[in-house]
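Values below: all heavy atoms of this structure, side chains included; hydrogens, waters and symmetry mates excluded. First the proteins, then the strands, lettered A, B, ... as listed; each starts at 1.
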Protein chains: 2
Amino acid sequence: MTNSTPRPRRRGARVTLREVAEAAGVSTATVSHVLNETSGARIGPDTRQRVRDAADALGYRPNAAAKNLVTGTTRFIGLVADAIATTPFAGQIIHGAQDAAWRQGYTLLVANTAGNTEAERDAIAMMLDHQVQGILYSTWYHRAVELPAALRETNTILVNCYAPGSDLPAVVPDEVQGGRTATQALLDAGHRRIAFVNTTTPSPAHDGRLRGYGEALRAAGITVDPALVFDARPEQEGGYDVLPRVLEQGVTAVFCHNDRVAMGLYDAVRERGLTVPEDLSVMGFDNQEIIAAHLRPPLSTVGLPHGELGAAGVRLLLGQQDVPPGGRLEVTCPQVLRASVRNLGAAG
Amino acid sequence: MTNSTPRPRRRGARVTLREVAEAAGVSTATVSHVLNETSGARIGPDTRQRVRDAADALGYRPNAAAKNLVTGTTRFIGLVADAIATTPFAGQIIHGAQDAAWRQGYTLLVANTAGNTEAERDAIAMMLDHQVQGILYSTWYHRAVELPAALRETNTILVNCYAPGSDLPAVVPDEVQGGRTATQALLDAGHRRIAFVNTTTPSPAHDGRLRGYGEALRAAGITVDPALVFDARPEQEGGYDVLPRVLEQGVTAVFCHNDRVAMGLYDAVRERGLTVPEDLSVMGFDNQEIIAAHLRPPLSTVGLPHGELGAAGVRLLLGQQDVPPGGRLEVTCPQVLRASVRNLGAAG
DNA sequence: TTGAAAGCGCTAACAC
DNA sequence: GTGTTAGCGCTTTCAA
């Protein structure tokens, strides 16, 4: 069945470089050179054309596995994520990493571990088997992680997380600057008595944003009043519940730990017959489009640079960007102004 | 530098199967057999152990490229997505596909095309070069697509989309059933005069949910009143703006095209001093957790089965599930009840 | 300017 | 039970 014709194709087999060579009447080496545009290869223009035509005519496609095998190097980058379905955050990291990788001719091998250690081990093993150039180990919210041992076998960059006691490069959002930026937006609008609704969960976001809040206040000559700092669950319900207490403090503005908290707080404000921003100015954090851009009024907030985190991760991995001393690259959280902050007219 | 010792390792080269064989004092074939647990291979238990020990000791890892090359088959599945960062939807598709693929020992090659035709072509080419078993072509919202020609070169399954005029298998949400389910939830709570706020955008969701709404009503013996069907932009603003008109119709319940519309509608309801569900019962669609689960009151809705779409896609691709006649697999949209529907006490 | 040939790491017949 | 051997499709000296 398959042995009566010369060099029979196996089931569904694809056109090989050798077939192109035969069709063009040249050697495989020549085909390889022209198709890869190997620099320093002296091939006549006529031959070049013949090869190209043959390749096109046959619909030739290189076999990546063969190429990988012989060069001993692949253009794969692994990306392990702990939760890609919960929020758009992981998606943004993947997107950023994808684009940056793609631009360099790299392909992403994506694995979702759902926080399962075993799945994580398997995922990393598979990536290693595929000779990835390195692995981006990412989390959907900024936090400390414990590293799977297998990561030691390849280049690893931590994205949106960091490993205490490890010296692996990490790229994370600059929470302190973010907190400073959010507070500054309020200060710039003339607010002086500004509450901060922080999260109840210990995290870099908790500590960093608080610090940024304090720094901005102090830089404006305002003493931080501990009575103005609250803790609430980082969800709508937390924001809703905390409002009465912040109102008691007679503030004109609140900086919320995240947009969800701001959303809940909006509800509580409305329920008391008050309005944002007339009675209370609000800054969020995260810039979750689906909420922030569509609240009434649209919420001013500070963005989390997830896409850039992913992109910077691959640049670090590929050596296109230097790891800063200390091993931690902190990415700026951009301000995004909408309509939830009232300008008091006076600055500072 | 590298040629004074026998069989020198190249820079960072990994342990090969041959080295394991030498260490264990057996042939490469034997190692291959025991490590792959090849069925029908008669290897003594002692040898088996020796091989395993040697592999462990050396930290052996198989080279996937070599394996792929020789077997002529890979365990890659390509997934092209048009937008993975916008909503959690694509993430859920990827997650579902990932899990299903992983379970069969397959790895996902993910590409984000951002609607860019050229990026799409490149992505598919790269997947083809890697000899993927097939490609899942997906969109973040259910719609018709025009297929890139390159997809013809491999097995393709459409996920959350369909290609008019093509006979490729597609797996999509059952919009009609979804619309029926949402309406039925309202009917079950005793509502009879039910508005439907549909979207302004022509789409399978627009047509399907409308049809489901009509079917449920008619099945309950209620004539569809065209005055009760509205069109609004599928966002918060659309829901907010449409409320006055639906209130004019004296309905007791509204089925909103999606959760975002419901969220905007909530705002409008509150602004008039009314409450959900006392004055108006609301059903959403999509089950966007971040909104639906945290509105006040939490929103009853119908879920979009994105994860299952992705999972079914790989099952179809891998031949573990049959493509239904007609080529379209419609996945059920589950009801998720929360607290936005008031029970009128009477059924039907 | 081009071709021959070795070999990347592994699997799969087939010997023994 | 275990080893030999022939490639998979490609790149890469090196020779011509």
Enumerate the residue pairs fulfilling salt bridge (Lys or Arg N to Asp or Glu O under 4.0 Å) with a member in residues 154-165 of chain B, sequence neighbours excluded, ordered by first and then second residue. none
Base-contact (B) and sugar-phosphate-only (S) positions in nucleotides 11-16 of chain C, heavy-atom cut-off under 4.0 Å, - elsewhere: BB----
Which listed nucleotide (C:dG3, D:dT2, C:dC8) is nearest to the side chain of A:Val26? C:dG3
Which residues satisfy the side-chain hydrogen bond (donor to acceptor under 3.5 Å, both in side chains) test with B:Arg315, sequence neighbours excluded? B:Glu308, B:Gln321
Within less than 4.0 Å of OP1 or OP2 of D:dG9, is there a side-chain N or O belonging to A:Thr16? no
To the nearest Å, how far apart are [X] [atom1] and [N] [atom2]?
{"X": "A:Arg18", "N": "D:dG9", "atom1": "CZ", "atom2": "P", "result": "9 Å"}
{"X": "A:Asn63", "N": "C:dC8", "atom1": "CG", "atom2": "C1'", "result": "13 Å"}
{"X": "A:Asn68", "N": "D:dT11", "atom1": "CG", "atom2": "P", "result": "10 Å"}
{"X": "A:Glu37", "N": "D:dT11", "atom1": "CD", "atom2": "C1'", "result": "16 Å"}
{"X": "A:Glu22", "N": "D:dG9", "atom1": "CD", "atom2": "C1'", "result": "13 Å"}
{"X": "B:Gln49", "N": "D:dT2", "atom1": "CD", "atom2": "P", "result": "13 Å"}
{"X": "B:Leu69", "N": "D:dT11", "atom1": "CG", "atom2": "C1'", "result": "12 Å"}
{"X": "A:Leu35", "N": "D:dG9", "atom1": "CG", "atom2": "P", "result": "16 Å"}

Have B:His142 and B:Asn160 got a donor and an acceptor in their side chains that come within less than 3.5 Å? no
Please list, chain by chain and in numerical order, all residues satisfying side chain to side chain contact (heavy atoms under 4.5 Å, CB included) with A:Arg52, sequence neighbours excluded. A:Val34, A:Glu37, A:Arg48, A:Gln49
With sugar-phosphate meaning primed atoms plus P, OP1 and OP2, does A:Gly40 contact a base, only sugar-phosphate, or nothing at under 4.0 Å between heavy atoms? nothing
Using the closest heavy atom to pick a nucleotide of DNA chain D for each, name whichever of B:Arg42 or A:Thr30 lands nearer the 5' end. B:Arg42
Counting only heavy atoms not in A:Asp46 (residues, nucleotides, ligands), do more than 12 fall under 6.0 Å from its CG? yes
All N/O donor-acceptor pairs, side-chain side in residues 125-137 of chain B, below 3.5 Å, sequence neighbours left out:
from: B:Gln131; atom 1: OE1; to: A:Arg14; atom 2: NE; distance (Å): 3.3
from: B:Gln131; atom 1: OE1; to: A:Arg14; atom 2: NH1; distance (Å): 3.0
from: B:Gln131; atom 1: OE1; to: A:Arg14; atom 2: NH2; distance (Å): 2.9
from: B:Gln133; atom 1: NE2; to: B:Thr73; atom 2: OG1; distance (Å): 3.4
from: B:Gln133; atom 1: NE2; to: B:Thr74; atom 2: O; distance (Å): 3.0
from: B:Tyr137; atom 1: OH; to: B:Glu120; atom 2: OE1; distance (Å): 3.4
from: B:Tyr137; atom 1: OH; to: B:Glu120; atom 2: OE2; distance (Å): 2.9

Would you list the atom pairs, donor with acceptor, under 3.5 Å between side chains in residues 78-93 of chain B and any protein atom, with sequence neighbours excluded?
from: B:Asp82; atom 1: OD1; to: B:Trp140; atom 2: N; distance (Å): 2.9
from: B:Asp82; atom 1: OD2; to: B:Arg143; atom 2: NH2; distance (Å): 3.0
from: B:Thr87; atom 1: OG1; to: B:Phe89; atom 2: N; distance (Å): 3.2

